[in-house]
Amino acid sequence: MHVSLATSAGRAGRTNEDFVGAVPGAVVLLDGAGIPGAESLCFHGVAWYTQRLGGALLGHLSRDDGQDLAAVLATAIGEIAAAHGDTCDIGDPRSPQATVAVVRAYRGRLDYLLLADSFLILDPAHGGPQVITDDREVTARRDCSAPLDGMTPGTPEYDRVRDSCAEALRARRNQVGGYWIAKDDPRAAREAVTGSRSLADLNGAVLLSNGASRIVSPYGLTDWPGVLELLAADGPSGVIQRVRQAEAHPDAQVPDDATVAHCTHLP
(Lines give C-alpha, C1' and ligand atoms only; values in the text may rest on other atoms or scores of the structure.)
Protein backbone atom coordinates (compact mmCIF):
# COMPACT_ATOMS: atom_id res chain seq x y z
CA MET A 1 0.00 0.00 0.00
CA HIS A 2 1.33 3.40 -1.03
CA VAL A 3 0.45 6.26 1.35
CA SER A 4 0.86 9.99 0.67
CA LEU A 5 0.49 12.30 3.67
CA ALA A 6 0.16 16.04 4.23
CA THR A 7 -0.72 18.08 7.30
CA SER A 8 -0.79 21.79 8.04
CA ALA A 9 -1.38 23.85 11.17
CA GLY A 10 -4.31 26.22 10.90
CA ARG A 11 -2.26 29.27 11.73
CA ALA A 12 1.44 30.09 11.65
CA GLY A 13 3.08 29.85 15.05
CA ARG A 14 0.32 27.60 16.41
CA THR A 15 0.92 23.94 17.24
CA ASN A 16 -0.70 21.50 14.85
CA GLU A 17 -3.08 19.38 16.94
CA ASP A 18 -3.73 16.86 14.14
CA PHE A 19 -1.74 13.63 13.90
CA VAL A 20 -1.17 11.35 10.93
CA GLY A 21 1.08 8.34 10.53
CA ALA A 22 1.42 5.00 8.82
CA VAL A 23 2.90 1.57 9.33
CA PRO A 24 2.92 -1.19 6.69
CA GLY A 25 -0.72 -1.86 5.89
CA ALA A 26 -2.32 0.73 8.17
CA VAL A 27 -2.89 4.49 8.48
CA VAL A 28 -4.01 6.54 11.48
CA LEU A 29 -5.36 10.12 11.45
CA LEU A 30 -6.40 12.04 14.57
CA ASP A 31 -7.91 15.50 14.90
CA GLY A 32 -7.24 16.91 18.36
CA ALA A 33 -9.84 18.85 20.31
CA GLY A 34 -9.93 20.70 23.60
CA ILE A 35 -11.21 23.85 25.22
CA PRO A 36 -8.99 26.99 25.14
CA GLY A 37 -7.81 27.88 28.62
CA ALA A 38 -8.13 24.32 29.92
CA GLU A 39 -4.39 23.97 30.53
CA SER A 40 -5.06 23.82 34.26
CA LEU A 41 -6.86 20.50 33.67
CA CYS A 42 -4.07 18.91 31.63
CA PHE A 43 -0.72 20.63 31.30
CA HIS A 44 0.28 18.25 28.49
CA GLY A 45 -2.14 19.79 25.99
CA VAL A 46 -4.09 18.56 22.99
CA ALA A 47 -1.11 18.05 20.64
CA TRP A 48 0.55 15.79 23.24
CA TYR A 49 -2.63 13.76 23.49
CA THR A 50 -3.01 13.22 19.75
CA GLN A 51 0.67 12.37 19.33
CA ARG A 52 0.64 9.86 22.17
CA LEU A 53 -2.64 8.25 21.15
CA GLY A 54 -1.66 8.15 17.49
CA GLY A 55 1.70 6.64 18.34
CA ALA A 56 0.07 3.99 20.54
CA LEU A 57 -2.35 3.06 17.76
CA LEU A 58 0.46 2.73 15.22
CA GLY A 59 2.43 0.59 17.65
CA HIS A 60 -0.45 -1.85 18.05
CA LEU A 61 -1.28 -1.88 14.33
CA SER A 62 2.34 -2.61 13.42
CA ARG A 63 1.88 -6.09 14.92
CA ASP A 64 -0.33 -6.93 11.92
CA ASP A 65 -2.33 -9.47 13.93
CA GLY A 66 -5.78 -8.54 12.62
CA GLN A 67 -7.14 -7.57 16.03
CA ASP A 68 -10.53 -5.84 15.97
CA LEU A 69 -9.92 -2.13 15.38
CA ALA A 70 -12.30 -1.05 18.15
CA ALA A 71 -10.37 -3.25 20.58
CA VAL A 72 -7.08 -1.72 19.41
CA LEU A 73 -8.48 1.77 19.98
CA ALA A 74 -9.87 0.87 23.41
CA THR A 75 -6.46 -0.43 24.49
CA ALA A 76 -4.69 2.70 23.23
CA ILE A 77 -7.17 5.05 24.95
CA GLY A 78 -6.66 3.17 28.20
CA GLU A 79 -2.87 3.37 27.89
CA ILE A 80 -2.85 7.13 27.39
CA ALA A 81 -5.38 7.68 30.17
CA ALA A 82 -3.08 5.76 32.50
CA ALA A 83 -0.10 7.81 31.33
CA HIS A 84 -1.54 11.11 32.58
CA GLY A 85 -4.51 10.22 34.76
CA ASP A 86 -2.50 10.77 37.95
CA THR A 87 -1.36 14.27 36.98
CA CYS A 88 -4.31 15.64 35.00
CA ASP A 89 -8.07 15.95 35.41
CA ILE A 90 -8.82 13.72 32.46
CA GLY A 91 -12.41 13.15 33.56
CA ASP A 92 -13.33 16.80 32.99
CA PRO A 93 -15.23 17.11 29.67
CA ARG A 94 -12.90 19.94 28.64
CA SER A 95 -9.69 17.89 28.86
CA PRO A 96 -7.81 16.83 25.68
CA GLN A 97 -9.56 14.50 23.26
CA ALA A 98 -9.42 13.56 19.58
CA THR A 99 -11.34 12.19 16.65
CA VAL A 100 -9.91 8.93 15.29
CA ALA A 101 -9.80 7.52 11.75
CA VAL A 102 -8.04 4.25 10.92
CA VAL A 103 -7.75 2.10 7.81
CA ARG A 104 -5.97 -1.26 7.70
CA ALA A 105 -5.36 -3.71 4.86
CA TYR A 106 -5.51 -7.26 6.19
CA ARG A 107 -6.09 -10.59 4.47
CA GLY A 108 -7.72 -9.15 1.38
CA ARG A 109 -9.95 -6.68 3.23
CA LEU A 110 -9.73 -2.97 4.05
CA ASP A 111 -10.99 -2.51 7.61
CA TYR A 112 -11.89 0.98 8.79
CA LEU A 113 -12.86 2.76 12.00
CA LEU A 114 -14.16 6.31 12.51
CA LEU A 115 -14.84 7.95 15.86
CA ALA A 116 -16.21 11.53 15.63
CA ASP A 117 -16.14 13.78 12.60
CA SER A 118 -13.16 12.89 10.43
CA PHE A 119 -13.89 11.55 6.93
CA LEU A 120 -13.09 8.43 4.91
CA ILE A 121 -13.49 8.34 1.13
CA LEU A 122 -13.50 4.87 -0.39
CA ASP A 123 -12.61 4.93 -4.09
CA PRO A 124 -14.27 1.83 -5.59
CA ALA A 125 -13.08 0.15 -8.77
CA HIS A 126 -16.59 0.66 -10.17
CA GLY A 127 -18.96 3.53 -9.37
CA GLY A 128 -18.58 6.77 -7.49
CA PRO A 129 -16.83 7.39 -4.16
CA GLN A 130 -18.35 6.25 -0.88
CA VAL A 131 -17.97 8.85 1.88
CA ILE A 132 -18.13 7.68 5.49
CA THR A 133 -18.10 9.81 8.63
CA ASP A 134 -19.41 9.74 12.18
CA ASP A 135 -21.87 12.66 12.19
CA ARG A 136 -23.19 12.32 15.73
CA GLU A 137 -21.23 15.32 17.01
CA VAL A 138 -22.55 17.45 14.15
CA THR A 139 -26.09 16.39 15.03
CA ALA A 140 -25.57 17.06 18.74
CA ARG A 141 -24.02 20.47 18.02
CA ARG A 142 -26.97 21.43 15.82
CA ASP A 143 -29.47 20.36 18.49
CA CYS A 144 -27.64 22.13 21.30
CA SER A 145 -27.25 25.33 19.27
CA ALA A 146 -30.94 25.57 18.37
CA PRO A 147 -31.65 28.18 21.12
CA LEU A 148 -29.32 30.60 19.29
CA ASP A 149 -31.54 30.70 16.20
CA GLY A 150 -32.76 34.24 15.57
CA MET A 151 -30.59 35.81 18.28
CA THR A 152 -28.25 38.72 17.59
CA PRO A 153 -24.56 37.77 17.91
CA GLY A 154 -22.47 39.95 20.20
CA THR A 155 -25.24 40.79 22.64
CA PRO A 156 -24.98 39.80 26.31
CA GLU A 157 -28.02 37.54 25.95
CA TYR A 158 -26.49 35.81 22.92
CA ASP A 159 -23.23 35.21 24.81
CA ARG A 160 -25.12 33.81 27.79
CA VAL A 161 -27.14 31.41 25.65
CA ARG A 162 -24.05 30.43 23.64
CA ASP A 163 -22.21 29.48 26.82
CA SER A 164 -25.24 27.45 27.91
CA CYS A 165 -25.28 25.69 24.53
CA ALA A 166 -21.59 24.83 24.87
CA GLU A 167 -22.21 23.29 28.29
CA ALA A 168 -25.12 21.29 26.89
CA LEU A 169 -22.91 19.95 24.09
CA ARG A 170 -20.15 18.94 26.50
CA ALA A 171 -22.74 17.10 28.60
CA ARG A 172 -23.53 14.90 25.59
CA ARG A 173 -19.92 13.89 25.04
CA ASN A 174 -19.37 10.13 25.40
CA GLN A 175 -22.95 9.65 26.53
CA VAL A 176 -25.72 7.46 25.13
CA GLY A 177 -27.80 9.60 22.82
CA GLY A 178 -24.93 12.05 22.37
CA TYR A 179 -21.66 11.62 20.53
CA TRP A 180 -18.41 9.75 21.09
CA ILE A 181 -14.76 10.77 20.92
CA ALA A 182 -11.42 9.40 22.10
CA LYS A 183 -10.65 10.85 25.52
CA ASP A 184 -10.25 9.01 28.84
CA ASP A 185 -12.83 6.20 28.60
CA PRO A 186 -11.87 3.13 26.52
CA ARG A 187 -15.56 2.24 26.22
CA ALA A 188 -15.98 5.03 23.66
CA ALA A 189 -14.16 2.80 21.16
CA ARG A 190 -17.13 0.41 21.12
CA GLU A 191 -19.26 3.22 19.65
CA ALA A 192 -17.02 3.83 16.63
CA VAL A 193 -18.30 3.50 13.07
CA THR A 194 -16.57 0.41 11.64
CA GLY A 195 -16.71 -1.64 8.47
CA SER A 196 -14.75 -3.62 5.92
CA ARG A 197 -14.46 -3.79 2.13
CA SER A 198 -12.74 -6.20 -0.22
CA LEU A 199 -9.43 -4.76 -1.41
CA ALA A 200 -10.18 -6.15 -4.86
CA ASP A 201 -13.14 -3.75 -5.10
CA LEU A 202 -11.11 -0.61 -4.27
CA ASN A 203 -8.70 1.65 -6.12
CA GLY A 204 -7.82 3.51 -2.95
CA ALA A 205 -8.95 5.26 0.22
CA VAL A 206 -8.57 8.74 1.67
CA LEU A 207 -8.65 9.99 5.26
CA LEU A 208 -9.34 13.67 5.93
CA SER A 209 -9.52 15.66 9.13
CA ASN A 210 -12.45 18.02 9.56
CA GLY A 211 -10.24 20.95 8.55
CA ALA A 212 -9.37 19.34 5.22
CA SER A 213 -12.95 18.27 4.48
CA ARG A 214 -13.88 21.95 4.33
CA ILE A 215 -12.91 21.81 0.65
CA VAL A 216 -16.34 20.21 0.09
CA SER A 217 -18.33 21.70 2.97
CA PRO A 218 -18.72 24.53 3.77
CA TYR A 219 -16.52 26.01 1.02
CA GLY A 220 -17.96 24.02 -1.90
CA LEU A 221 -14.74 24.23 -3.91
CA THR A 222 -15.40 20.77 -5.31
CA ASP A 223 -17.37 17.59 -4.62
CA TRP A 224 -16.10 14.23 -3.36
CA PRO A 225 -15.30 12.87 -6.87
CA GLY A 226 -13.46 16.15 -7.42
CA VAL A 227 -11.39 15.54 -4.29
CA LEU A 228 -10.20 12.24 -5.79
CA GLU A 229 -9.32 14.01 -9.03
CA LEU A 230 -7.41 16.70 -7.16
CA LEU A 231 -5.52 14.08 -5.17
CA ALA A 232 -4.53 12.28 -8.38
CA ALA A 233 -3.23 15.53 -9.86
CA ASP A 234 -1.68 17.36 -6.90
CA GLY A 235 -1.66 14.95 -3.96
CA PRO A 236 -2.76 15.66 -0.37
CA SER A 237 -0.93 19.00 -0.24
CA GLY A 238 -3.03 20.19 -3.18
CA VAL A 239 -6.24 19.63 -1.21
CA ILE A 240 -4.91 21.56 1.77
CA GLN A 241 -3.65 24.38 -0.45
CA ARG A 242 -7.12 24.86 -1.90
CA VAL A 243 -8.60 25.01 1.61
CA ARG A 244 -6.05 27.61 2.69
CA GLN A 245 -6.85 29.74 -0.35
CA ALA A 246 -10.53 29.72 0.62
CA GLU A 247 -9.70 30.58 4.23
CA ALA A 248 -7.80 33.65 3.08
CA HIS A 249 -11.11 35.38 2.30
CA PRO A 250 -12.31 37.76 5.05
CA ASP A 251 -15.67 36.00 5.47
CA ALA A 252 -14.19 32.49 5.77
CA GLN A 253 -14.14 30.40 8.91
CA VAL A 254 -11.17 30.58 11.26
CA PRO A 255 -8.47 28.35 9.72
CA ASP A 256 -8.26 24.87 11.21
CA ASP A 257 -5.52 22.25 11.22
CA ALA A 258 -5.89 20.20 8.04
CA THR A 259 -4.62 16.68 7.34
CA VAL A 260 -5.00 14.26 4.42
CA ALA A 261 -3.78 10.68 3.94
CA HIS A 262 -4.20 9.14 0.47
CA CYS A 263 -3.85 5.35 0.15
CA THR A 264 -3.31 3.78 -3.29
CA HIS A 265 -1.85 0.56 -4.74
CA LEU A 266 -3.79 -1.44 -2.17
CA PRO A 267 -2.35 -4.95 -1.70
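Source: prediction; values computed, not measured.
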| said: Applying salt bridge (Lys or Arg N to Asp or Glu O under 4.0 Å), can you list everything that pairs with Arg190, at least two apart in sequence or on another chain? | reply: none
| message | Test salt bridge (Lys or Arg N to Asp or Glu O under 4.0 Å) on Arg242 and Asp234; report intermediate values, then the result. | response | CA-CA 11 Å; Arg242 291 287 299 277; Asp234 299 326; over 6 Å; no
Taking all atoms of both residues into account, what is the closest heavy-atom pair of [X] and [Y], and its distance?
X: Val20; Y: Thr259; result: CB-CG2, 3.6 Å
X: Pro153; Y: Met151; result: CD-O, 3.3 Å
X: Ala258; Y: Ile240; result: O-CD1, 3.4 Å
X: Ala76; Y: Leu57; result: CB-CD2, 3.8 Å
X: Ile77; Y: Leu53; result: N-CD1, 3.8 Å
X: Pro96; Y: Tyr49; result: CB-CB, 3.8 Å

Does any part of the side chain of [Y], heavy atoms only, come nearer than 4.5 Å to the side chain of [X], both counted from C-beta?
X: Thr264; Y: Asn203; result: no
X: Ser8; Y: Arg244; result: yes
X: Leu120; Y: Thr133; result: no

| said: So for atom CZ, which belongs to Arg187, do other residues, nucleotides or ligands contribute more than 12 heavy atoms lying within a distance under 6.0 Å? | reply: no
| Exceeds 12 heavy-atom contacts within 6.0 angstrom, atom CG of Asp86 | no
| query | Where do Arg63 and Asp65 land on the salt bridge (Lys or Arg N to Asp or Glu O under 4.0 Å) test, with the steps shown first? | reply | CA-CA 5 Å; Arg63 299 171 185 172; Asp65 57 5; 5.4 Å; no
If we ignore angles and hydrogens, is there a donor and acceptor under 3.5 Å between the side chains of [X] and [Y]?
X: His44; Y: Gln51; answer: no
X: Ser118; Y: Asp31; answer: no
X: Ser198; Y: Arg109; answer: no

Under the 3.5 angstrom rule, does the side chain of [X] hit a backbone N or O of [Y] as a donor-acceptor pair?
X: Asp257; Y: Gly10; value: yes
X: Thr152; Y: Thr155; value: no
X: Glu17; Y: Thr15; value: no
X: Asn174; Y: Ile181; value: yes
X: Asp223; Y: Gly226; value: yes
X: Thr75; Y: Ala71; value: yes
X: Ser217; Y: Arg214; value: no
X: Lys183; Y: Ile90; value: yes

| Would Gln130 and Trp224 satisfy side chain to side chain contact (heavy atoms under 4.5 Å, CB included), going step by step from the backbone distance to the final call? | CA-CA 9 Å; Gln130 178 185 1; Trp224 294 114; over 6 Å; no
| said: So that I can tick it off, tell me whether Arg94 and Asp89 are bridged by a salt bridge, with the cut-off set at under 4.0 angstrom between side-chain N and carboxylate O. | reply: no
| field | Presence of salt bridge, Glu137 and Arg173, under 4.0 angstrom | value | no
| field | Row check, Tyr106 ring normal vs Arg104 NZ/CZ: under 6.0 Å, within 45° | value | yes
| task | For a side-chain contact (heavy atoms from CB on, under 4.5 Å) with Val260, tell me which candidate from Leu231, Asp18, Leu230, Ile215 qualifies. | result | Leu231
| query | Parallel under 30°, tilted from 30 to 60°, perpendicular over 60°: which one fits the rings of His84 and Trp48? | reply | tilted
